[in-house]
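Residues: numbered from 1 along the sequence shown.
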Amino acid sequence: MAQTAQGYSFSKFAGLDFYAEVNAATLDLAQIGKPRNLVDLSCGNGGSSPQILERLDDAKHSVIYAIDHSASALRDARENIGDRTDAAVKYVQGEVQNLSDLLSEKVDSIVYFNAIHYVPDKAALLKMIREAIKPGGTFVFNSSFFKGAHPPETDLFARK
């Protein structure tokens with residue numbers, strides 16, 4: 001298990017084909033396509049952001065807010081996403097429980113992958129998410145942290 005100065009790294013888990021496939025299927029449910037402003041909530045190392053960008057019909061007119069509490073995860077996300085000229089990606093460091101303070105505008109869609117289990121007050125977070133999305137917008141989330149969903153060498157990360 002990779003360990004950084006600030007704790008366990010999510011990179012090994014996020015690099016699994018299973019993880020990418022589950023997130024891709026969830027994004028397909030969200031029917032992301034038209035230009036929009038989206039939030040990749042708890043973006044981690046940015047593994048989902050390229051999948052989001054691939055699904056946008058006109059990424060040049062879209063903004064992705066990549067939000068995570070970890071500065072090191074956001075650094076990894078910047079490296080993984082790279083210099084994109086086809087879309088604006090804004091990196092925001094902050095806790096998901098403070099979502100209403102992190103966004104200055106309502107968005108069209110919020111995706112939230114594999115992190116809802118960390119939030120103690122899920123009802124309060126879901127209310128903030130609902131308030132952050134424009135009428136007719138979408139919210140999708142998933143969690144692949146269940147028994148048998150991750151390789152044994154990532155157990156320490158899953159437990160943390």
Side-chain angles (χ1 to χ4, degrees), residues 4 6-16 19-145 157:
T4 66
Q6 296 180 348
Y8 293 98
S9 169
F10 186 69
S11 296
K12 186 162 184 105
F13 183 85
L16 295 173
Y19 179 80
E21 290 166 9
V22 167
N23 290 345
T26 305
L27 284 171
D28 289 342
L29 289 173
Q31 298 178 343
I32 294 169
K34 64 182 179 179
R36 48 180 57 210
N37 295 336
L38 303 108
V39 173
D40 185 357
L41 194 57
S42 290
C43 69
N45 69 352
S48 301
S49 294
Q51 291 182 330
I52 293 167
L53 287 165
E54 290 170 5
R55 285 166 172 75
L56 295 175
D57 294 335
D58 187 2
K60 286 188 179 197
H61 296 99
S62 299
V63 176
I64 296 178
Y65 296 93
I67 298 175
D68 203 277
H69 74 281
S70 167
S72 62
L74 289 173
R75 276 192 305 274
D76 290 345
R78 278 188 186 93
E79 287 179 24
N80 289 335
I81 294 168
D83 293 329
R84 301 289 301 236
T85 58
D86 60 339
V89 180
K90 296 183 179 184
Y91 301 92
V92 180
Q93 185 176 358
E95 299 289 334
V96 298
Q97 296 92 329
N98 300 324
L99 180 62
S100 55
D101 297 330
L102 301 175
L103 294 174
S104 59
E105 63 181 324
K106 289 188 178 264
V107 296
D108 298 295
S109 186
I110 296 178
V111 297
Y112 188 37
F113 295 150
N114 298 298
I116 198 162
H117 55 280
Y118 291 121
V119 178
D121 191 349
K122 292 168 185 52
L125 176 62
L126 291 174
K127 181 179 179 198
M128 267 189 274
I129 288 170
R130 183 178 62 237
E131 292 169 356
I133 297 174
K134 293 176 185 175
T138 59
F139 168 58
V140 293
F141 77 97
N142 66 27
S143 180
S144 55
F145 282 103
F157 176 82

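Not one N or O on the side chain of Asp108 forms a donor-acceptor pair closer than 3.5 Å with the backbone of Leu38. The closest donor-acceptor contact from the side chain of Asn45 to the backbone of Asp76 lies at 3.5 Å or more, if one exists at all.
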Pair Ser42-Ile116, side-chain contact (heavy atoms from CB on, under 4.5 Å): steps then yes or no: CA-CA 9 Å; Ser42 290; Ile116 198 162; over 6 Å; no
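Taking 4.5 Å as the limit, every side-chain heavy atom of Val89 sits out of range of all side-chain heavy atoms of Asp40. Annotation: side chain of Val140 is not in contact with side chain of Ser109 (no heavy-atom distance under 4.5 Å).
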Identify each donor-acceptor pair in which a side-chain atom of residues 122-135 lies under 3.5 Å from a protein atom, sequence neighbours left out, and give them as a table.
residue: Lys122; atom: NZ; partner: Val119; partner atom: O; Å: 2.7

Scan the side chains in residues 91-102 for donor-acceptor partners under 3.5 Å anywhere in the protein, sequence neighbours excluded, and list what turns up.
residue: Gln93; atom: NE2; partner: His69; partner atom: O; Å: 3.2

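Considering all non-hydrogen atoms of both residues, Asn37 and Ser62 come closest at OD1-C, 4.3 Å. Closest approach of Gly44 to Ala77, counting heavy atoms only: O-CB, 3.7 Å.
For residues 122-142, the ring pair (Phe, Tyr, Trp, His ring centres under 6.0 Å) pairs, not counting sequence neighbours, are Phe139-Phe141.
In this structure Tyr112 satisfies the side chain to side chain donor-acceptor pair (under 3.5 Å) test with no other residue, sequence neighbours excluded. Here Asp68 pairs with nothing under the side chain to side chain donor-acceptor pair (under 3.5 Å) rule; sequence neighbours left out. In this structure, Lys90 has no salt bridge (charged side-chain N to carboxylate O under 4.0 Å, His left out) partners at least two apart in sequence or on a different chain.
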